[in-house]
Colleague: 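One structure, as structure tokens, below. Some questions next.
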Amino acid sequence: MAADIDNEVAVDQQVYLAGDIQRMLGIGKSKSYTFLEEVYRQKNPPFKVLKIGKLFRVPKRGFDEWLNGGL
């Protein structure tokens, strides 16, 4: 089984973690979680937020478009 892990190809992450959002926006940890929770609960969010238990995942493409003004 360990050999299977060693042979895996690195997968390019397609989502941002809460810590990534925190660093990109220059905000604190608790504010980033509050922000992501607010976006997650919106009926028409500016970008998609996935919530898995207590974890947030944000698809890169939608967030990047929002951050860059919809370009």
Side-chain angles (χ1 to χ4, degrees):
M1 189 157 173
D4 292 337
I5 294 171
D6 293 337
N7 291 330
E8 287 185 21
V9 176
V11 176
D12 186 29
Q13 293 286 55
Q14 296 183 21
V15 295
Y16 289 123
L17 309 177
D20 299 326
I21 302 296
Q22 174 187 343
R23 284 185 294 280
M24 286 187 284
L25 297 180
I27 57 178
K29 182 178 180 178
S30 62
K31 183 62 179 174
S32 66
Y33 277 91
T34 301
F35 172 65
L36 291 173
E37 182 71 39
E38 289 173 3
V39 173
Y40 175 76
R41 293 186 180 277
Q42 290 180 6
K43 288 189 181 209
N44 294 310
F47 55 89
K48 189 172 194 170
V49 175
L50 307 170
K51 189 171 184 183
I52 306 162
K54 294 181 179 181
L55 303 175
F56 290 103
R57 298 295 184 260
V58 180
K60 286 183 176 183
R61 193 168 101 202
F63 181 80
D64 290 345
E65 288 173 0
W66 171 78
L67 189 61
N68 294 316
L71 297 176

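Below, each value reflects all heavy atoms present in this structure, side chains not excepted, and no hydrogens, waters or symmetry copies. Keep in mind the model is a prediction, meaning the values are calculated, not measured.
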Colleague: Output all residues satisfying salt bridge (charged side-chain N to carboxylate O under 4.0 Å, His left out) with E38, sequence neighbours left out; order by chain, then residue number.
Modeller: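 Counting only residues at least two positions away or on another chain, E38 forms no salt bridge (charged side-chain N to carboxylate O under 4.0 Å, His left out).
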
Colleague: Restricting to non-hydrogen atoms, name the atom on S32 and the atom on A18 that form the minimum distance, rounded to 0.1 Å.
Modeller: OG-O, 4.0 Å

Colleague: The criterion is ring-ring contact (aromatic ring centres under 6.0 Å, His included); which residues satisfy it with F63, sequence neighbours excluded?
Modeller: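 So F63 forms a ring-ring contact (aromatic ring centres under 6.0 Å, His included) with Y16, F47, W66.
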
Colleague: Which value, rounded to the nearest 0.5 Å, describes the distance between Q22 atom CD and L36 atom CG?
Modeller: 10.0 Å

Colleague: How would you list all residue pairs meeting salt bridge (charged side-chain N to carboxylate O under 4.0 Å, His left out) that involve residues 17-31, not counting sequence neighbours?
Modeller: D20-R23

Colleague: Is I21 reachable from Y40 through a run of I, L, V, M, F, W or Y residues, each pair having side-chain heavy atoms under 4.5 Å apart?
Modeller: yes

Colleague: Which pairs with one or both residues in residues 46-58 pass salt bridge (charged side-chain N to carboxylate O under 4.0 Å, His left out), sequence neighbours excluded?
Modeller: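 As it turns out, the salt bridge (charged side-chain N to carboxylate O under 4.0 Å, His left out) pairs with a partner in residues 46-58, which skip direct neighbours, are E37-K51.
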
Colleague: Quick one: do M24 and V15 end up in the same hydrophobic cluster if we chain Ile, Leu, Val, Met, Phe, Trp and Tyr together by side-chain heavy atoms under 4.5 Å apart?
Modeller: no

Colleague: Tell me, please, which residues at least two apart from R61 pass side chain to side chain donor-acceptor pair (under 3.5 Å).
Modeller: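 With sequence neighbours excluded, R61 shows a side chain to side chain donor-acceptor pair (under 3.5 Å) to no residue whatsoever.
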
Colleague: Before giving the answer on side-chain contact (heavy atoms from CB on, under 4.5 Å), spell out for F35 and L25 the whole-Å C-alpha distance, their side-chain angles and the decisive distance to 0.1 Å.
Modeller: CA-CA 11 Å; F35 172 65; L25 297 180; 3.8 Å; yes

Colleague: What distance separates F56 CZ from L17 CG, expressed to the nearest 0.5 Å?
Modeller: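 These two atoms lie 12.5 Å from each other.
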
